[in-house]
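Keep in mind the model is a prediction, meaning the values are calculated, not measured.
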Amino acid sequence: MSLRLQPIQVATGDADQESQLVFHDGFLVAVLVRLSHEYEDEAGKWYLEVGFGRVNTATPPTFTDLGEAQGWIEQRLTRAA
Amino acid sequence: MSRLACGRAREIMTDSKREAAGNPLLRKLEGFVPLPEADRAALLKISENPQVVSAGTDLIREGEPPDGMFLILDGFACRYKLRENGARQIMAYLVPGDAGDVDGPLLRAMDHSICTLSACKVARIAPDTIWNLLQRPAVAAALRKSTLVDEATLREWLLNVGRRSAPERLAHLFCELHLRLRAVGRADENGFELPITQYDLADTTGQTSVHVNRSLRELRERGLIKLRQRHLTILDLPGLRQFAEFKSGYLHLGDQAAA
């Protein structure tokens, strides 16, 4: 399964600058936001700002890096298939 | 000698009054219903020997048989349920003066868990003691009214998670806690100790700690509150209430709500 990332800026209202759109087969499946220093123990982690379709969840997780985030997204797409 | 005895009597009376004034259960229930002296004494007695319980301790778990009632005399506890994936939803806070269900022992098993969020002083009230208390009409009325307020509060929390934005949810919760804690002498005009984490606030308001962080920042930037070292300072109470559309009627605090 291949995911495509595209850098983007998301208006979260704080210093989070580095974000990524995540596409699968041309469809937008998630938006990941890197948490700024304001988040203390979670600073630098990637947050699932929103997931679409099978990636949607009521309890959005945080990930230590983009690799872990993509692994989780792939698992969701596969598991629900 | 008689002067000494008199002095002692006065001291004892002062201590007793101080004890009553500081007892959050008494303050809460007297806010609902005037209590005769004998009822006050009975309520003080059940609060006499609380246990100190550390933060994050389950007082009773879902599925266990309710054996009496927990009374919180200090600290914050909560009612919660867990999903299989570990996600937690907090359905109620038990703050000083709050107790579990008076009629809980009628049920075979708990349908939710109760745990401490901070270090707490907790008194466990045995079923027999509850039954005896309920024979006192004023106490029974106050406890029943308290149960009605718990139900009204749950409805308000349902509205919170279902129909308010993330910052509005927190603002509403802070307005509510301010009044509830003031009613038992644990808050002043400008704020209160909030001995819980952002994760607890997230699980209370149905959002992630990331959104709690952003919401707190928004409330701060609007000049409404400041949360530092687990102390919530209310910078603009009318503004906070207006932002949250907070109407205190559901707490049924009467004149205390105007404070």
For this session: Walk me through it: do A:Thr59 and B:Thr208 pass the test side chain to side chain contact (heavy atoms under 4.5 Å, CB included)?
Result: CA-CA 7 Å; A:Thr59 50; B:Thr208 62; over 6 Å; no
Exercise. Any chance CD of A:Glu68 has more than 12 other-residue heavy atoms, nucleotides or ligands included, within less than 6.0 Å?
Worked result: yes
For this session: Look up atom CG in A:Leu35 and atom CZ in B:Arg214, then write down how far apart they are to the nearest 0.5 Å.
Result: 7.0 Å
Exercise. Does B:Lys121 NZ have over 12 foreign heavy atoms under 6.0 Å away?
Worked result: no
Exercise. Is there a side chain to side chain donor-acceptor pair (under 3.5 Å) between A:Tyr39 and B:Ser209 once you walk through the steps?
Worked result: CA-CA 9 Å; A:Tyr39 294 89; B:Ser209 64; over 6 Å; no
For this session: Might you confirm whether atom CD of A:Gln6 has over 12 heavy atoms from other residues, nucleotides or ligands at distances under 6.0 Å?
Result: yes
Problem set entry | Heavy atoms of other groups near B:Gln51 CD, more than 12 under 6.0 Å | no
Problem set entry | B:Arg186 atom CZ, over 12 foreign heavy atoms within 6.0 Å | yes
Exercise. Any residues in residues 56-87 of chain B near chain A, with a heavy-atom distance under 4.5 Å, and which are they?
Worked result: B:Asn85, B:Ala87
Problem set entry | SB check B:Arg220 A:Glu38 (cutoff 4.0 Å) | no
Seminar exercise, completed: Distance col, row A:Glu49:CD vs B:His211:NE2, nearest 0.5 angstrom, shows 4.5 Å
